[in-house]
Number of protein chains: 2
Amino acid sequence: MEKKPELCRVDDALSILVGKWKPIILLHLLQKGTLRFSELKRSLPGITQKMLTNQLRELEEEDIISRKVYPQVPPKVEYSITEYGKTLEPILEAMHEWGTKHTLHKKNKVNSKASS
Amino acid sequence: MEKKPELCRVDDALSILVGKWKPIILLHLLQKGTLRFSELKRSLPGITQKMLTNQLRELEEEDIISRKVYPQVPPKVEYSITEYGKTLEPILEAMHEWGTKHTLHKKNKVNSKASS
DNA sequence: CGGCATCCTCGAAGATACTG
DNA sequence: CAGTATCTTCGAGGATGCCG
């Protein structure tokens with residue numbers, strides 16, 4: 001089940017953006033630049049430590065974010081977007097914009113049906 | 001960029017693009033304009049009828065594609081991108097481009113590791 | 001030809017508890 | 001504080017068969 005290479009590169013981008021929490025993690029990091037694990041967790045109501053760790057590890061694996069450990073007690077770990085990770089910003093931006101319009105689009109559809 | 005994460009609509013766009021076959025279906029329809037069910041199926045090696053039907057229905061539900069049934073025997077159904085659906089093209093293209101670069105990025109990473 | 005109805009698999013996501 | 005280590009749930013995706 002292999003698809004035309006020219007066509008399916010989209011899936012690579014998606015595979016990186018598609019974790020339940022990845023987009024919002026990236027948006028937070030893009031906004032703030034650098035965040036500690038606990039700050040990130042506080043910013044994401046409902047996420048578990050395990051999920052946050054997972055998603056961060058996967059993003060780190062792809063060089064989207066970098067992880068800096070301060071060898072001290074109590075532990076301190078900071079996460080930040082890499083230069084490479086910033087290249088994803090246009091996509092996130094485009095999706096955000098589209099998502100916003102889509103919300104309106106759906107609303108209009110409902111309204112036009114209701115008024116018929 | 002001073003967006004409130006709570007208002008972030010990125011997930012809406014993702015929820016539409018994230019089906020295992022949706023992006024490639026959309027790319028095919030963007031290229032060809034209109035395709036029959038069987039043509040689409042032939043273009044997607046490995047997809048099952050059920051999945052193709054599912055993905056098409058979901059895209060139709062969001063007004064991304066339109067479905068035209070010709071009442072004849074044997075049945076004929078054509079799918080095409082809606083004008084609205086075309087607004088997704090920039091995102092798909094951005095992802096495709098990024099995905100291509102990302103493949104190179106990963107390759108470089110491997111090479112630099114191998115040469116150390 | 002273009003579906004729909006079933007059943008099943010398998011991995012992502014979640015809950016919970018423990019630790020350096 | 002910032003993680004591992006397990007166990008469980010849940011649903012997307014897949015295989016197969018029947019139908020107008």
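Every chain is numbered from 1, with letters handed out A, B, ... down the list of sequences.
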Side-chain N or O of R67(B) closer than 4.0 Å to phosphate OP1/OP2 of dG3(C)
yes

Rounded to whole Å, please give me the gap between CG in L52(A) and P in dT4(D).
11 Å

Whole-Å gap separating P (dG3(C)) and CD (Q72(B))
13 Å

Which angle, to the nearest 10 degrees, lies between the helix axes at the two ends of the helix from dC1(C)-dG20(D) to dG20(C)-dC1(D), each defined by five pairs?
50°

Please list every donor-acceptor pair under 3.5 Å in which a side-chain atom of residues 42-56 of chain A meets a protein atom from a residue at least two apart or in another chain.
unit_1: S43(A); atom_1: OG; unit_2: E39(A); atom_2: O; d: 2.8
unit_1: T48(A); atom_1: OG1; unit_2: M51(A); atom_2: N; d: 3.2
unit_1: T53(A); atom_1: OG1; unit_2: Q49(A); atom_2: O; d: 2.8
unit_1: Q55(A); atom_1: OE1; unit_2: W21(A); atom_2: N; d: 3.3
unit_1: Q55(A); atom_1: OE1; unit_2: K22(A); atom_2: N; d: 3.4

In whole angstroms, the gap separating C1' of dC1(D) from NZ of K76(A) amounts to 12 Å

Residues in ring-ring contact (aromatic ring centres under 6.0 Å, His included) contact with Y84(B), at least two apart in sequence or another chain
W98(A), H102(A), H105(A)

Separation of dG2(C) atom P from E78(B) atom CD, nearest Å, is 9 Å

Annotated protein contacts, base or backbone, on nucleotides 9-15 of chain C with a non-hydrogen cut-off under 4.0 Å, one of B, S, - each
----BBB

For the pair made of CG in L14(A) and P in dG13(D), what is the distance, rounded to whole Å?
12 Å

Phosphate OP1/OP2 of dA2(D): any R36(A) side-chain N/O under 4.0 Å
yes

Pull out every protein N or O sitting under 3.5 Å from an N or O of nucleotides 17-20 of chain D, one pair per line with the distance.
none

Under 4.0 Å between a side-chain N/O of R57(A) and OP1 or OP2 of dT4(D), yes or no?
yes

For a quick test of reading the model: is some side-chain N or O of Y79(A) closer than 4.0 Å to OP1 or OP2 of dC1(D)?
no

Could you pull out all donor-acceptor pairs under 3.5 Å where a side-chain atom in residues 63-71 of chain B meets a protein atom, sequence neighbours excluded?
unit_1: S66(B); atom_1: OG; unit_2: S80(B); atom_2: OG; d: 3.1
unit_1: R67(B); atom_1: NE; unit_2: Y79(B); atom_2: OH; d: 3.1
unit_1: Y70(B); atom_1: OH; unit_2: E78(B); atom_2: OE1; d: 2.9

Quick one: is R42(A) getting a side-chain N or O under 4.0 Å of the dA2(D) phosphate, OP1 or OP2?
no

Separation of dG3(D) atom C1' from E60(A) atom CD, nearest Å, is 13 Å

